Amino acid sequence: MLLGSLFFPAAPAQAATLGVGYGNQDLWLGSFSSHGRQAYCMDLDALAPWGNTQHPELKTTLDSLSATELARLNYVLGRWGESNDPNITSAVQLYVWDIADRGNYSAPGGDGQFVTRAPGNMQATILSHLTTMRSESAANAVANPSVSMSITMTDQYQGQLKVQANPTSATGTVTLTNANFTNGSTSATLGVGTHEIVGIPPEGAPDYQITASLKAPSLGYGAGVDLFYTPGEQRILGAASFEPLFASAQSAVIPLDFRPVIETVVDAKFVQAGDVFSDKLNVTVTKHSWIKVNGIPVPVLAEGTLYGPFDAQPVEANAPPEGAPVLGTESLTLTHPGNYVSPGTLTAPESGFYTWVWRIDKTKQGANAKYLTDSFTDRFGRVAETSVTPFQPEAVSKANGKLVKPGDRVTDTITVSSTNGAWLKHNGEPIPVVFEGTAYQAPGTLPPVQGAEAPAGAVPIGTVTVTAPGPGEYESPEVELPDAGFVAWVWQVKKASQPEWVRPYIAADWQDEYGINIESHSVRWPLTITSEVREYNVHKNGRAFDRITVSGFPENHPEFTGDGYWGPDEQEIEHTVYGPFQTDAELTDDLDLSDAPVLTRITTPAKNGVYDIGYTNEDRIQPTEAGYYVIVTRFAGDDRVQPFTSSPTDIWERFYVPDDEQPVSVITQATPVAGVGEEFDDTALVQGTKIPDGAYLVFRAYGPHDPDAEPVCEVPFFTSEKIAVTQAGIYRSGKTSVDRAGHVYWVETLYDATGKVIAEGKCGAPGETTVVTETPQEVPPTPEQPELPETPSELATTGGGFPWLIAAGGLVALLAAGVTLWFGRRLALHRERGGDSGEEDTGIEDLMNQ
């Protein structure tokens, strides 16, 4: 105390002065002012406190006042004692006298007496305030004020703060720790009642507590007053200087958990087969924050399942469909919110859509499970979490038509599929793919050699496209094959040729190999075989001779021995001598050769060249009976060359063994096909034992006419000279030409010396029709013609009543050779133009060159 007096001396005493009220130093009603406060007289009969009033001192007992009286005095002094309203301070003074010095106050008259110290017009107001003070102090004054609080929680974050006070009117400032009021503030002035609070735990805390502290001012509460003492003079009173009321509360320890959530997006939308799938994870916390224990973040195990492959984008759903394929799973340990990347242990095995689903299973977290609110599962089939492995469309093709001929239009059948998995879909439909096929003319004459690329000599002759709307079998558009040889298809898929939206879904460009046998056509070489017997009339047991000119074979025919898919070359051409026939009328195109009489069969090599038959014992042609004979040449055909059979109507391949009589007849053959401006003619074979002296032929040509119109032969545009006919044999009309396309109809007429018609052709007969086309045709090369072999000496070649033919043999042979060459050329033109055959006899050139 001594030290305290040295360093903290007591406040000096000071005289009181009049405060707020009515009157003067002689007669005063109101407050005194002392030590910066307003105080009120408690001793009516004592001297006014003009002396040295000491510093106020808290008194909880005073004279004989009860605790209740002290509490009421304190209440009134605390609520109204510092007022600046003289009416209020006057009422306070009356209240203090009435409680603290009741006897001296009541005896002179109490309220009515002492209120007269105030102006008359204010007295009623003063008394009204006094009545209020008496009423409220009786109701609210407490001898022992108190406050208390409690905290209860409905969950980890929501709770209530309950405030209790005596008196119930008490209020104070409440401050929260680890919590807010509903308005977001941590402090509020509150009274008695229950108040909602929201817990705010510290970042990363595994648990927390909420605390609250209350500070309520004590002014006016409690049994006590402050006494201002002036020695020997009036004591004055002020409101008690009790310490503020304090209370605190604390919740129980609140264990916490947190809820991590995963959202992902694939690192790459398109992942090639064999490449790694990578998923980018963004981890957030939707409840509390990432909990740390002893400063170390709680590790959380996350598992990612990659579902697939699917052939289309899966439909988004809360869970994968039953039986959904699973490629594999990956695990990540999460320790904080933020970005992660999947481990990248899964690779794309085949085409398809692959979608991630990430999970946090609370049951797999071990001791840390208590820190997780619950398990988490991502949605299935989200587009952002789906990668696509492109598919590889390829085709296997088979040429439609293994063996074809020049000018044919062919197609290829392709069977398309994805070779690395499913054919993918877009918007529920298979993705369409454009396949491009090129038909290559193989170099040379042999089948193409299979290889990765078409060789330098392969010539593309047509390119087509097929848009495949999905896996399946498709037929390509047609390609015309102009030339003989082998044609190989090559198919490919080019990403650059696809619609832009399709390209990412296709793995890579693709092309099949060149020269695959089933993807190839053999455009078989057409044969041109012309022949001519040396003599038309041959006597019994005489010998006939034939010259056969063969062209159209590949140069290396018949050397190809086959390769397992393409058959070997046929080695021979067969020449069959049919006869005898009673009349030449039997020698028609529909003659059934299967049961026709056969004189002999002779073979020649199946290669280009000129072959003379009948000159040796091995190939002799020696008729023994009278009648008509015809040589039919037949090539069976093979995988490189078309089959060929000459016609029994071919007048160049006939000979006759006379009997006693043969009627006179005429068989004709016009040039079958010619181009505009090209020359053409007609040829007649005159037959008969006795040709009348002076007989002659006249050839007439009509047209050109519309091919669809009925044949009309009225006014010829060409009439030949009179051609003398002195013996059986072949006669020509002479050349002519026309300047427009159409059908030209020939009519030949054989007259006797008097002009009488012996035989006449029919207008429009197929063998007597020349088809004139717009463009000339290419002519295949004809083998060089060798000298004719010498006739065997042991047997005469002619006879049978026609000795004049022997003398004319040389001339006839030369004529026949020339006609053979001419007809060979006309045949080639006809074949390349695809001429009209009709229903009647096809004619010399058609028959010779089939």
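Computed from a prediction, not measured in an experiment: that's the story for all the values here.
- A side-chain donor-acceptor contact under 3.5 Å links Asp752 to the backbone of Thr754.
- Note on residues 562-610: pairs passing ring-ring contact (aromatic ring centres under 6.0 Å, His included), not counting sequence neighbours, are Phe486-Trp566.
- Remark: Glu748 CD to Leu697 CG distance equals 7.5 Å, nearest 0.5 Å.
- Just one residue in the list Asp681, Thr769, Thr683, Asp682 forms a side-chain hydrogen bond (donor to acceptor under 3.5 Å, both in side chains) with Thr671, and that residue is Asp681.
- Listed by chain and residue number, Glu473 satisfy the side-chain contact (heavy atoms from CB on, under 4.5 Å) test with Thr415 (two or more places apart in sequence, or in another chain).
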*Just do the side chain to side chain donor-acceptor pair (under 3.5 Å) check on Ser476 and Asp412 with the steps written out, would you?*
CA-CA 5 Å; Ser476 74; Asp412 200 20; 5.9 Å; no

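- A tilted orientation is assigned to the rings of Tyr656 and Tyr628, their planes being inclined by 30° to 60°.
- From Gln441, atom CD reaches atom NE2 of His521 across 11.0 Å, with rounding to the nearest 0.5 Å.
- Using bins of under 30°, 30° to 60° and over 60° for the plane-to-plane angle, the ring pair Phe699/Trp746 lands in the perpendicular bin.
- Applying the salt bridge (Lys or Arg N to Asp or Glu O under 4.0 Å) criterion to Glu480, with sequence neighbours excluded, gives Arg409.
- The aromatic rings of Tyr696 and Tyr751 sit parallel to each other, their planes meeting at less than 30°, with 60° as the upper class boundary.
- In this pair, His705 and Tyr745 present their aromatic rings parallel. The plane angle is below 30°, not in the 30 to 60° band.
- Taken from OH in Tyr440 to OG in Ser520, the straight-line distance is 13.0 Å, to the nearest 0.5 Å.
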*Going through the checks in order, is the side chain to side chain donor-acceptor pair (under 3.5 Å) test met by Thr749 and Glu760?*
CA-CA 4 Å; Thr749 307; Glu760 186 173 34; 3.2 Å; yes

